[in-house]
Participant: 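Here you go, one structure.
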Amino acid sequence: MAPVIEARKLGMVYPDGTRAIEGVSFSVEEGESCAIIGPSGCGKTTLLFIFSGLLRPTEGIALIEGKEVVAPPKNAALILQNYGLFPWKTVIENAALGLEIRGVKARDARKAVKPILRELGLEGFENHYPKQLSGGMQQRVAFARALAIKPRIMLMDEPFSSLDALSREKLQNFLLELWMKERMTMLLVTHSIEEAVFLGKRIVVLSHRPGRVVKVIENPMAGSVEFRNRGEFFEKCREVRRSVGAT
Amino acid sequence: MAPVIEARKLGMVYPDGTRAIEGVSFSVEEGESCAIIGPSGCGKTTLLFIFSGLLRPTEGIALIEGKEVVAPPKNAALILQNYGLFPWKTVIENAALGLEIRGVKARDARKAVKPILRELGLEGFENHYPKQLSGGMQQRVAFARALAIKPRIMLMDEPFSSLDALSREKLQNFLLELWMKERMTMLLVTHSIEEAVFLGKRIVVLSHRPGRVVKVIENPMAGSVEFRNRGEFFEKCREVRRSVGAT
Amino acid sequence: MPGSEEKRWGYVVAGAVLFIIWHVLAYFVKSPALPYPSTVFAAFIAQLGEGLAIHMAISACRAIYSILLALSLAIPIGLLCHERKIDRFIAPFLYLLYPIPHIVLLPLIILLFGIGDVSKVILIGMIVFFQILVTTRDAARNIDEYYVYSLLSLGADKKDIYRHVVFPACLPKILTALRISVGTAIAVLFFAESFATTTGLGYLIMTAWSRADYVSLYAGIVAMALLGFSLYMALEVIERRLCRWV
Amino acid sequence: MPGSEEKRWGYVVAGAVLFIIWHVLAYFVKSPALPYPSTVFAAFIAQLGEGLAIHMAISACRAIYSILLALSLAIPIGLLCHERKIDRFIAPFLYLLYPIPHIVLLPLIILLFGIGDVSKVILIGMIVFFQILVTTRDAARNIDEYYVYSLLSLGADKKDIYRHVVFPACLPKILTALRISVGTAIAVLFFAESFATTTGLGYLIMTAWSRADYVSLYAGIVAMALLGFSLYMALEVIERRLCRWV
Amino acid sequence: QTEKPESVTSEKATEKVKIRIGLLPIEDTFPVTVAKEGGLFEKYGVEVEIVPFQSALERDAALQAGEIDACIADPLAVILLRNAGYDVRIVSLCLGATPEEGVFAILAAPNSSINSVKDLEGRKIAISSNTIIEYVTDIMLKSYGVENVEKVEIKQIPVRMQTLLAGQVDAATLPEPLASLAAFRGAKLVLSDAMMDRSISQTVIVFRGELVDSKPDAVNAFLKAYGEAAEKINANPESYREEFIEKARIPKDIAENYKMPHYPHPQQYPKEFYEEVHEWAVEKGLLSKEIPYEEAVVWLQ
Ligand SMILES: Nc1ncnc2c1ncn2[C@@H]1O[C@H](COP(=O)(O)OP(=O)(O)OP(=O)(O)O)[C@@H](O)[C@H]1O
Ligand SMILES: Nc1ncnc2c1ncn2[C@@H]1O[C@H](COP(=O)(O)OP(=O)(O)OP(=O)(O)O)[C@@H](O)[C@H]1O
Ligand SMILES: [Mg+2]
Ligand SMILES: [Mg+2]
């Protein structure tokens with residue numbers, strides 16, 4: 001079976017001459033999860049933007065479900081690094097936006113996202129504006145918006161980086177359970193080694209800018225909540241830390 | 001000796017009625033470091049703003065060097081959660097701003113911050129605007145700006161949360177060494193348990209909103225770079241995780 | 001902004017201060033061209049019953065129609081300038097046409113649209129149009145691309161971008177532009193109502209001016225100020241409803 | 001914005017399109033009140049040598065002085081509105097005084113400042129002042145408090161906040177306001193130059209109008225458009241230097 | 001819409017003709033208002049709509065656009081319009097058959113040292129250039145041998161008066177009724193065209209040439225109604241006084257003693273008046289071609 005997400009020698013040079021990534025190749029199979037880890041500024045966000053159809057790579061091809069990405073894929077949800085929320089929309093309006101854009105009536109869309117907001121601990125904040133929320137709450141709203149459209153592919157740019165330790169683990173567990181239930185394909189950018197090991201069945205380590213693939217680490221044990229407490233988890237973390245340190 | 005930083009039954013109710021913190025008391029001695037950890041939205045930023053003289057608490061007193069905080073303390077530097085950089089200033093202008101405001105001539109101030117920028121890996125980006133940098137780089141600029149004024153007290157709001165794992169450890173080490181050399185008093189807000197344990201000689205665990213002190217954990221081993229690799233480090237992390245989980 | 005007790009006091013104080021400054025100035029200038037405010041307000045009140053109120057209402061209608069006409073054209077065009085391609089096409093027209101004193105085109109407007117109310121509304125509307133367009137365009141061009149990316153990733157098409165990003169992001173600036181436009185529209189009334197009409201505050205002021213009846217002139221100015229002030233207040237209410245997030 | 005090859009093409013195309021529209025309109029209207037653009041441009045070129053250039057220069061000076069006068073007052077006052085306390089004091093004055101058609105105050109200005117260039121500059125300056133003030137105030141009030149906190153924590157005093165936060169944050173909006181002001185200033189020239197002067201584009205246009213010499217009238221309008229366009233371009237250059245970060 | 005009572009005098013096609021006449025709020029136009037309100041136009045079988053204007057500029061623009069068919073203007077305006085290519089014609093003299101009907105005056109600033117026309121030599125005098133105001137000023141000064149004055153351009157009449165009263169110019173040429181008002185407020189009357197030995201300024205009734213050619217009867221009917229109104233006013237000026245004060249915008253301060261003009265019967269605009277204005281316009285270089293009297297002036301009766 002063809003991989004759902006595939007990068008073929010992707011390269012990106014910004015118009016101002018900044019070379020963000022170079023010759024990046026990797027792939028993710030249907031229903032699998034892949035974590036991308038690399039130092040700050042190495043082009044992780046750039047890579048995700050390419051797969052979201054928001055940027056065209058200057059070299060190589062990005063494929064989703066075997067087709068070159070030329071527009072935002074309909075069955076993929078993107079969670080942005082700085083939340084990507086709209087300051088002029090309330091929490092519930094932000095969360096329901098993906099559904100609305102897919103043609104669901106505003107009222108139904110809001111009804112549909114209510115349980116998701118509850119699950120993410122945002123009940124009671126439906127009519128707040130993002131500015132009125134702390135950073136972590138904003139990130140959770142962004143997460144709610146992505147989940148609302150029940151995506152088959154999730155592209156995530158450091159989705160938990162603004163969350164406190166407890167909420168983060170809770171949300172990681174929540175995401176993992178969701179993934180095991182829905183079996184959507186996940187591409188997750190992170191700079192937390194623990195997060196990469198906990199959530200990524202495959203871990204792609206990028207070098208400093210321009211980002212290149214240093215190593216692809218297979219991590220078949222990922223995919224259960226208990227993995228976090230096992231010795232193998234710490235083992236894997238150490239392995240990834242070594243690769244990251246080598247960049 | 002009187003503590004350098006002291007919170008006496010601090011409470012804060014925002015004008016819209018949101019109760020952010022309640023009866024928070026703790027203290028930090030001269031030259032010591034204290035980490036505050038708590039879930040998202042529990043009022044950590046609020047607490048830091050109070051000590052920075054930017055907000056007046058609605059209850060209790062915040063003391064710095066024995067005096068009630070009514071204005072930004074001259075010998076303290078604040079690093080904000082969302083960097084607090086000015087989009088209209090270049091990297092070097094942002095970094096030199098603290099010095100300039102303290103009366104250093106613009107030219108000298110810029111000369112003075114160059115080595116700090118180099119140390120933080122920002123060489124070559126002096127004339128970029130924050131918008132042109134990745135999140136991690138922006139956080140480092142904010143860090144450079146604070147260090148430039150050689151503060152005796154550092155107040156930090158999740159300073160490393162946008163950094164990748166490697167840079168984060170590097171900067172944590174850098175901060176620790178700096179602290180051991182300069183012996184400034186540090187108050188650090190974080191949601192990373194590892195970070196709190198690595199950097200805080202005292203760890204204050206806050207509850208959910210409204211934030212109250214759940215526990216104050218003494219952590220005398222903190223204060224050396226090697227601590228990170230010791231068994232005691234993992235022990236302490238587990239202890240803190242338990243307190244955090246109990247909130 | 002109105003409604004709050006404190007704000008209302010601000011207006012009372014400002015009104016009183018202006019009254020006193022005016023009075024003192026009138027005392028020193030000692031010229032029929034600057035009557036005392038007490039005289040003017042007395043005349044204003046007296047004239048309200050004698051038709052001034054109707055003139056105000058007519059002027060208000062003309063101003064509001066003009067602004068609506070201008071808005072209905074300027075906002076879509078301005079928002080479209082969010083797209084670099086379209087902006088590159090529209091901007092030169094704007095830059096070439098905006099700095100013309102549009103009042104000078106009055107003969108052309110009369111030629112094309114006659115001397116009725118349509119011409120008046122078009123004259124005012126044209127001037128206001130450019131002010132709103134310039135501001136809306138500036139706002140539309142300066143939208144953070146991040147928001148667009150965020151929406152595009154949700155599968156949005158162009159229409160959605162305008163609806164969910166470009167329009168709301170520009171709304172506060174459009175409202176600022178509207179505030180400026182209210183002042184302009186009322187100032188232009190003064191010219192628009194100088195032909196083929198015997199109604200409106202512009203007509204009143206022009207008539208008073210031409211017979212050097214400065215008391216009526218200032219009474220008309222007070223009426224205009226009052227009209228502008230009311231429209232301002234209406235805008236504030238609209239802004240508070242539409243831009244709660246600011 | 002100028003300088004780039006593509007942009008320059010945009011202006012050429014826009015100019016050509018306007019020329020054609022004008023020509024076609026003139027063809028159908030068939031009235032001396034709308035002469036053919038070719039006639040107007042020929043007259044414009046011919047008159048340039050005969051003093052039109054000097055009139056343009058004089059008008060430009062008056063417009064620029066007025067704008068500088070307005071800026072020097074409106075920016076400080078507008079920026080001060082960043083502070084709620086001051087805003088609460090200034091806002092009512094603004095709201096009461098802005099919607100007055102300031103042109104009507106011409107007799108008063110002449111009374112106070114005579115009929116020389118000072119009066120003209122004050123008349124234009126007063127109108128532009130309010131436009132810049134409204135925009136600057138709006139910008140100053142909407143500054144993210146986060147920036148202020150960030151600067152305060154560095155030990156900044158009020159002066160620093162204005163210098164490092166309020167002023168730079170408002171600068172883009174001030175430049176937008178300036179763009180609008182350029183148009184307004186030139187439009188008001190038309191009135192300011194209708195008294196006690198025989199120089200300036202306003203005088204030229206008014207004179208041409210009063211003798212129904214529409215070719216000269218439109219030549220004057222072309223000159224005004226050109227003047228406005230040049231000031232616009234100058235603003236663009238200034239904006240690119242001052243607001244590189246946008 | 002006014003009611004249309006059955007007209008006694010005519011069942012002709014002229015009944016359908018509607019004349020829109022643009023009027024400034026000045027005393028010259030008063031008979032038209034009287035004729036309209038007294039139903040005289042209906043009596044002569046012509047429908048007239050009065051379109052009010054505040055300034056000559058906009059009135060002329062409307063005339064050029066064909067939005068109005070007629071107006072009461074000064075002959076210089078007609079010459080300039082014809083020069084610009086508009087077919088407008090003088091169909092009758094309005095005011096100014098005799099010097100007494102003149103409406104312009106040169107006034108000196110209050111407290112100035114100007115006491116006679118001679119004193120104007122070398123002084124600043126506020127006018128509106130290329131208009132009848134400048135023409136009147138030139139002619140009056142010339143006939144008193146004043147060669148040199150510094151003309152200060154001030155278009156708006158109220159502003160000109162203001163400037164004069166504030167002493168910012170030495171003198172100004174103003175039309176009635178502001179000339180009387182300025183005098184009332186302390187300005188010194190130096191010279192008015194009523195003091196001249198001949199009429200130098202007139203106002204005329206102007207129609208679009210097209211209407212004169214296609215509907216001469218309607219124009220005639222208009223003039224007849226106008227004439228009757230003028231006679232009625234002249235016969236009993238006091239009974240019209242209140243309305244006159246209102247319509248001609250006579251300032252309150254001077255209303256009581258203001259002298260109502262004598263309105264002459266419609267008559268052909270005399271050639272010698274025309275030539276004087278025309279010659280001045282030619283000298284000033286305002287015309288690109290000669291505008292012959294025969295083309296500009298018609299007399300239908
Ligand atoms: N629009 C742009 N134009 C020019 N350079 C850009 C642009 N966007 C990003 N860059 C540069 O490209 C590089 C990669 O940026 P990117 O945001 O993809 O990094 P990242 O890995 O996501 O960083 P972080 O971990 O800090 O989020 C950086 O050096 C950045 O400065
Ligand atoms: N200006 C304000 N007005 C009203 N409520 C506020 C304001 N600022 C913050 N809050 C609320 O106060 C609470 C504490 O906010 P604060 O930003 O201090 O939390 P935090 O612990 O820093 O969160 P995070 O870890 O997400 O940064 C939150 O519930 C927030 O919604
Ligand atoms: Mg990134
Ligand atoms: Mg916080």
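By convention in this document, chain letters (A, B, ...) are assigned in the order of the sequence lines, proteins followed by strands, and residues within each chain are numbered from 1.
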Participant: Please tell me if the side chains of D:Q131 and C:T184 come closer than 4.5 Å, counting only heavy atoms from C-beta onward.
Facilitator: yes
Participant: Ignoring hydrogens and angles, write down the donor-acceptor pairs under 3.5 Å from the side chains of residues 13-27 of chain C, residues two or more places apart or on other chains.
Facilitator:
from: C:W22; atom 1: NE1; to: C:P35; atom 2: O; distance (Å): 3.0

Participant: Drop me the distance from C:E239's CD to D:D138's CG, to the nearest 0.5 angstrom.
Facilitator: 6.5 Å
Participant: Which bit of D:L105 comes within less than 4.5 Å of chain C, counting heavy atoms only: side chain, backbone, both or neither?
Facilitator: side chain
Participant: Is chain C contacted by the side chain of D:F191, its backbone, both, or neither, given a heavy-atom distance below 4.5 Å?
Facilitator: side chain
Participant: Could you look at C:L217 and say if it's the side chain, the backbone, both or neither that has a heavy atom under 4.5 Å from chain D?
Facilitator: side chain
Participant: Looking only at heavy atoms and a cut-off of under 4.5 Å, which of C:A139, C:P92, C:G228 has the most pairs with chain D?
Facilitator: C:P92
Participant: Are any non-hydrogen side-chain atoms of C:Y232 and D:V134 less than 4.5 angstrom apart?
Facilitator: yes
Participant: Is it the side chain or the backbone of C:L106 that comes within 4.5 Å of chain D heavy atoms, both, or neither?
Facilitator: side chain
Participant: Please classify the contact between C:F130 and chain D as side chain, backbone, both or neither, with a heavy-atom cut-off of under 4.5 Å.
Facilitator: neither
Participant: Most heavy-atom pairs under 4.5 angstrom with chain C, which of D:I186, D:D144, D:I205?
Facilitator: D:I186
Participant: Take C:Y218 and D:L108 through the test side-chain contact (heavy atoms from CB on, under 4.5 Å) and record every step on the way to the result.
Facilitator: CA-CA 11 Å; C:Y218 280 91; D:L108 186 60; 3.8 Å; yes
Participant: Is C:I180 close to chain D through its backbone or its side chain, or both, or neither, when contacts mean heavy atoms under 4.5 Å?
Facilitator: both
Participant: Could you tell me which portion of D:F93 (side chain, backbone, both or neither) has an atom closer than 4.5 angstrom to a non-hydrogen atom of chain C?
Facilitator: both
Participant: Relative to chain D, which segment of C:F229 carries a heavy atom at a distance below 4.5 Å: side chain, backbone, both, or neither?
Facilitator: both
Participant: Just checking C:Y36: does its OH atom have more than 12 heavy atoms from other residues, nucleotides or ligands closer to it than 6.0 angstrom?
Facilitator: yes
Participant: Are the side chains of C:Y95 and D:R179 in touch, meaning some heavy atoms are under 4.5 Å apart?
Facilitator: yes
Participant: Please flag which part of D:L97 lies under 4.5 Å from any non-hydrogen atom of chain C: side chain, backbone, both or neither.
Facilitator: side chain
Participant: With a 4.5 angstrom heavy-atom cut-off, could you sort out which part of C:L111 is near chain D: side chain, backbone, both or neither?
Facilitator: side chain
Participant: Around atom NZ of C:K30, are there more than 12 heavy atoms of other residues, nucleotides or ligands at under 6.0 Å?
Facilitator: yes
Participant: Of the backbone (N, CA, C, O) and the side chain (C-beta and beyond), which part of D:L112 lies under 4.5 Å from a heavy atom of chain C, both, or neither?
Facilitator: side chain
Participant: Check each atom of D:S31 against the heavy atoms of chain C and say whether the ones under 4.5 Å are side chain, backbone, both or neither.
Facilitator: side chain
